[in-house]
Amino acid sequence: MQVPLLTVENLSVRFKMPDQVINAVNGVSFSLNTGETLGIVGESGSGKTVTVLSILGLIPKPPGEITGGKALFEGQDLLPLSTEALRSIRGQEISMVFQDPMTSLNPVIKVGEQLREALWTHNPSESRSNHRRRGIELLDMVGIPQPERRYNQFPHEYSGGMRQRAMIAMAMANRPKLLIADEPTTALDVTIQAQVIETLKAARRETGAASILITHDLGLVSQIADRVIVMYAGRIVEEGRIGDIFSRPRHPYTIGLLASIPSITQRRTKLYSIPGQPPDMANVPPGCPFHPRCAVGGERSVCRSDSPRLAEMGTRHQAACHFTEEAASWLAGRAT
Amino acid sequence: MNTAAVQKPILDIRDITTSYHIRRSGAQKATTLVAVEDVTLSIKPGETVGLVGESGCGKSTLGRTIIRLLEPSAGTVSFAGQDITHFSHQQMRPLRQEMQIVFQDPYASLNPRFRVRQILYEPFRIHGISKAVAGQKIPELLSLVQLPPDSLRRFPHEFSGGQRQRIAIARALALEPSLLVLDEPVSALDVSIQAQILNLLEDLQTELGLAYLFIAHDLSVVGQVSDRVAVMYLGRIVEEGPRDAVFNSPQHPYTIALLSAIPDISAAQGQQTRERIILTGDLPNPLDPPSGCRFRTRCRRGDQLCVDQEPPLAPVSDSLVACHYPGAEDSGPRS
Amino acid sequence: MTRYVARRLLHGILVMWIVSTAVFVIFRLVPGDPAAMTLGLDASPEDYEALREELGLNDPTHVQYLRWMGNLARGDFGKSITHGYAEVSGLVFPALGRTLELAALSILLAVIVAVPLGMISAIREGTWVDHIARVFTTLGFSMPTYVMGIGLLILLAEVFPLLPPGGYVPFGEDPVKHLSQLIMPVLTIASVTAARLTRFMRAGMLEVLSADYVRTARAKGLTERRVNYWHAFRNAAIPLVTEVGVNFGLLVGGMVVIEQIFIWPGLGWLMIQSILTRAFDVVQIAVLVSAATFVIVNLLVDLTYSWLDPRIARS
């Protein structure tokens with residue numbers, strides 16, 4: 001059994017607002033092996049982005065506050081590290097690609113300069129011309145045409161897809177061991193999305209980096225992840241390998257989510273829709289946070305009082321539900 | 001959704017062109033951006049026509065032209081058999097009741113200082129309908145979109161995104177329109193909420209016999225709700241046909257690429273997958289579209305003919321396709 | 001870019017034309033004509049008529065207007081009757097120079113204080129540094145300049161007689177005295193302007209610090225210093241240029257009270273003096289020059305802005 005590259009144990013994060021406390025992440029644990037791709041799926045407010053930002057110390061403090069847990073990267077806990085100590089991890093060992101390429105690049109600094117400083121900050125002894133050459137190579141690697149010319153341009157002279165490629169180039173600059181991509185294609189057009197995904201895959205192949213893909217798009221996850229974590233109300237509700245999650249989901253939320261995606265290959269007469277609204281994170285329902293919207297447990301008292309723990313469903317497949325058996329038969333009932 | 005019987009279209013647009021004049025800072029002359037060019041489309045009562053394309057393809061401009069929020073520079077717009085292309089603001093007034101629009105962002109399209117009751121009363125007030133009538137209708141609207149009756153006293157910020165979109169739909173339905181233009185109505189919503197709204201729209205159509213023009217960039221959503229689908233690229237319709245024809249045997253290389261680019265969960269579920277086609281390059285600048293076929297710069301089939309001549313929209317099997325080398329196979333003169 | 005400059009220049013000229021027309025209208029067409037203003041109420045009818053003739057006030061209005069505009073276009077600002085037929089430009093421009101000196105030094109001092117203070121206050125939001133900075137800005141905002149000026153005067157010239165209580169000696173004559181005369185007016189103006197600029201800088205910096213690209217910069221592993229002073233500052237500084245320019249323009253025209261308190265013979269002082277001595281021919285040019293300065297400063301600000309912000313320069 002290999003030692004995982006990243007192990008997150010019981011991570012909890014909250015945001016203390018003047019009038020309320022938001023428990024954004026509640027006891028999240030997962031691990032990631034070298035070279036593996038993990039998808040984290042959830043809707044807005046599910047805590048998926050906060051989880052990874054906390055690992056790198058990138059949540060604003062205050063109001064953010066990590067209230068417990070560990071994030072072991074190659075055995076070292078990142079959470080207690082100072083900003084200065086984290087610097088050598090950020091961009092070098094673990095790097096990130098963010099959702100909106102329009103706002104994630106500094107508008108008044110040339111793209112090449114932004115790329116060069118990612119190299120420079122971790123290898124200050126190397127010459128400026130070396131960094132420049134390497135920067136142009138990176139732009140070329142992510143498929144930006146005329147990289148020498150593009151190197152000296154400002155972000156607004158790039159199209160949306162090219163900006164995201166430049167972000168990927170920047171993230172891969174120091175050949176990190178882990179690449180975290182937070183909704184990397186959500187802001188892009190469909191055909192450009194496909195290009196950027198290919199670029200991400202190629203970059204990952206090139207460097208052998210492990211990756212975490214955060215997205216609300218189950219289709220996207222199914223295409224590039226090895227394993228998936230499904231989050232709801234700051235908790236992991238289900239985790240497993242791609243095939244298990246998509247073919248044998250056990251948590252009613254995962255089942256509902258999969259059933260509410262329109263398919264282009266086969267037209268269903270009517271989509272399933274999960275009733276109700278996403279939870280108010282300042283006021284999460286007691287017990288299982290999904291119970292008010294659940295078609296399986298619903299009004300049963302155990303669901304209203306006890307928060308279910310993640311339980312093994314099979315090999316590397318876990319779900320947090322009191323009635324996974326019923327959920328499975330409910331799914332079978334829906335399928336027929 | 002129900003297939004419309006052979007009926008006269010409620011909306012019929014012919015050879016519509018809509019352009020914007022853009023003045024860039026420093027430039028002497030205003031440039032003309034032709035956002036929609038030579039588009040013909042019709043919608044029958046009770047029918048849903050899906051309009052898909054990427055950003056900047058002109059789909060929203062077309063939606064706004066159809067309900068005459070914009071005036072086309074050429075072509076005709078007919079509503080229920082009446083030519084309304086050049087109707088004045090005054091002439092449009094009674095027709096505004098018949099066609100309504102729902103926008104993408106339910107956060108921006110509802111006045112934050114109005115209570116839901118006021119928001120829903122607005123359309124009645126504008127069209128001079130008495131408070132008594134409106135007072136009777138407003139609770140009915142609320143139950144149509146499945147919101148609790150106590151919503152009336154609350155403000156938009158007290159609702160979630162999906163609920164706000166329900167309010168926007170209720171407002172659009174207030175005057176019993178026969179046509180609803182839905183401009184990306186679910187793209188700002190979470191997956192689970194998206195399905196709720198799509199189902200609601202479907203129920204409303206069955207109940208009220210509405211016609212929809214459903215504009216979206218997401219093909220799977222369009223495929224779920226549409227009877228017919230039109231695909232736009234750089235201001236032109238490149239393919240149009242019945243839902244199943246467009247989705248199951250697309251003929252235009254752009255439609256094929258678009259469909260193949262959608263990440264689909266079927267592979268992970270162990271089903272057969274489609275071949276993925278990755279288009280190269282970015283969208284051309286709409287201010288300076290390529291000569292001939294606009295798609296040729298990103299097309300694998302193109303040859304000299306595509307450079308020289310713009311392909312007309314012509315029947316291919318069940319659809320209309322604007323391509324010199326149409327076909328479901330990804331083949332062409334080069335391969 | 002040249003096209004942009006040309007357009008902005010044309011725009012400036014248009015504004016100046018409107019201002020000079022307004023000055024013409026105000027000084028000639030409102031009741032109480034310039035001849036009466038110059039001579040006062042007890043002048044003899046003969047003197048009055050003679051002056052009217054001399055000033056061309058008996059000509060039709062459009063002739064007067066064309067003459068006025070023509071003279072301005074040639075840069076001929078006329079001679080002042082009240083000042084013994086001295087060239088008006090010889091009175092106005094040296095005064096403008098003295099005002100610009102005061103305004104420029106004040107702005108410079110204000111920027112030197114406000115930029116670091118605003119930045120630190122934003123970076124350390126909520127800490128004691130921030131609280132002190134905010135007390136300072138509130139004070140600067142709430143205190144009128146004349147209160148501040150008179151307070152300084154009492155403190156530094158009366159109670160502790162460290163500085164001269166005002167007046168003006170040219171730099172060339174006595175540099176030390178010249179500078180010591182500058183200190184109090186500059187401190188007064190700078191403290192108010194610095195308060196305004198600090199608040200502006202703090203707000204701009206806070207906004208920029210929560211931008212996505214700042215998070216990207218952190219995620220790359222850059223030092224906090226580089227994130228704050230390179231990535232964030234560059235973006236926050238661009239709107240500050242406009243704010244500084246606008247403040248400078250306002251100062252040039254708004255120094256009337258300060259120049260009176262410290263007897264600094266600048267443009268504002270000249271205006272008041274000329275009004276008191278009924279030298280309308282000086283007042284009208286002083287108003288024009290003050291407006292022109294404002295327009296030119298604004299033009300320079302816009303050009304700097306487009307040069308600093310690549311998004312504007314290239315489009």
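First the proteins, then the strands, lettered A, B, ... as listed; each starts at 1.
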Legend entry - Inter-chain contacts: residues 39-47 of chain A against chain B, heavy atoms under 4.5 Å: A:E43, A:S44
Legend entry - Polar side-chain atom of B:N199 near backbone of A:K270 as donor-acceptor pair, under 3.5 Å: no
Legend entry - Heavy-atom contact with chain B under 4.5 Å, split by part of A:D244: neither
Inset, instruction - Could you tell me which non-hydrogen atom of A:I274 sits nearest to which non-hydrogen atom of B:S192, and how far apart they are? - result: CD1-CB, 3.7 Å
Legend entry - chain A interface, residue from B:V222, B:L283, B:D203, B:N248 that has the most non-hydrogen pairs under 4.5 Å: B:D203
Inset, instruction - For chain A, find which of B:D282, B:V221, B:T280, B:I197 contributes the most heavy-atom pairs closer than 4.5 angstrom. - result: B:D282
Legend entry - Under 4.5 Å from a heavy atom of chain A, the part of B:F159 involved: neither
Inset, instruction - Name, in order of residue number, those residues of residues 193-206 of chain A that have a heavy atom at a distance of less than 4.5 Å from a heavy atom in chain B; otherwise write 'none'. - result: A:A194, A:Q195, A:E198
Legend entry - By side chain to side chain contact (heavy atoms under 4.5 Å, CB included) - contacts of A:R227 (at least two apart): A:E36, A:L38, A:E239, A:R241, A:R316
Legend entry - Check: B:I193 and A:P278 side chains under 4.5 Å, non-hydrogen atoms: yes
Inset, instruction - Measure across A:H216 and B:V191 and return the closest heavy-atom pair with its distance rounded to 0.1 Å. - result: O-CG2, 3.6 Å
Inset, instruction - Mind listing the closest non-hydrogen atom pair of B:L279 and A:T191 along with its distance? - result: CD1-CG2, 3.5 Å
Legend entry - With sequence neighbours excluded, residues passing side chain to side chain contact (heavy atoms under 4.5 Å, CB included) with B:P148: B:D150, B:S151
Legend entry - Top contributor to chain B contacts, counting heavy-atom pairs under 4.5 Å, from A:R293, A:R248, A:M162: A:R293
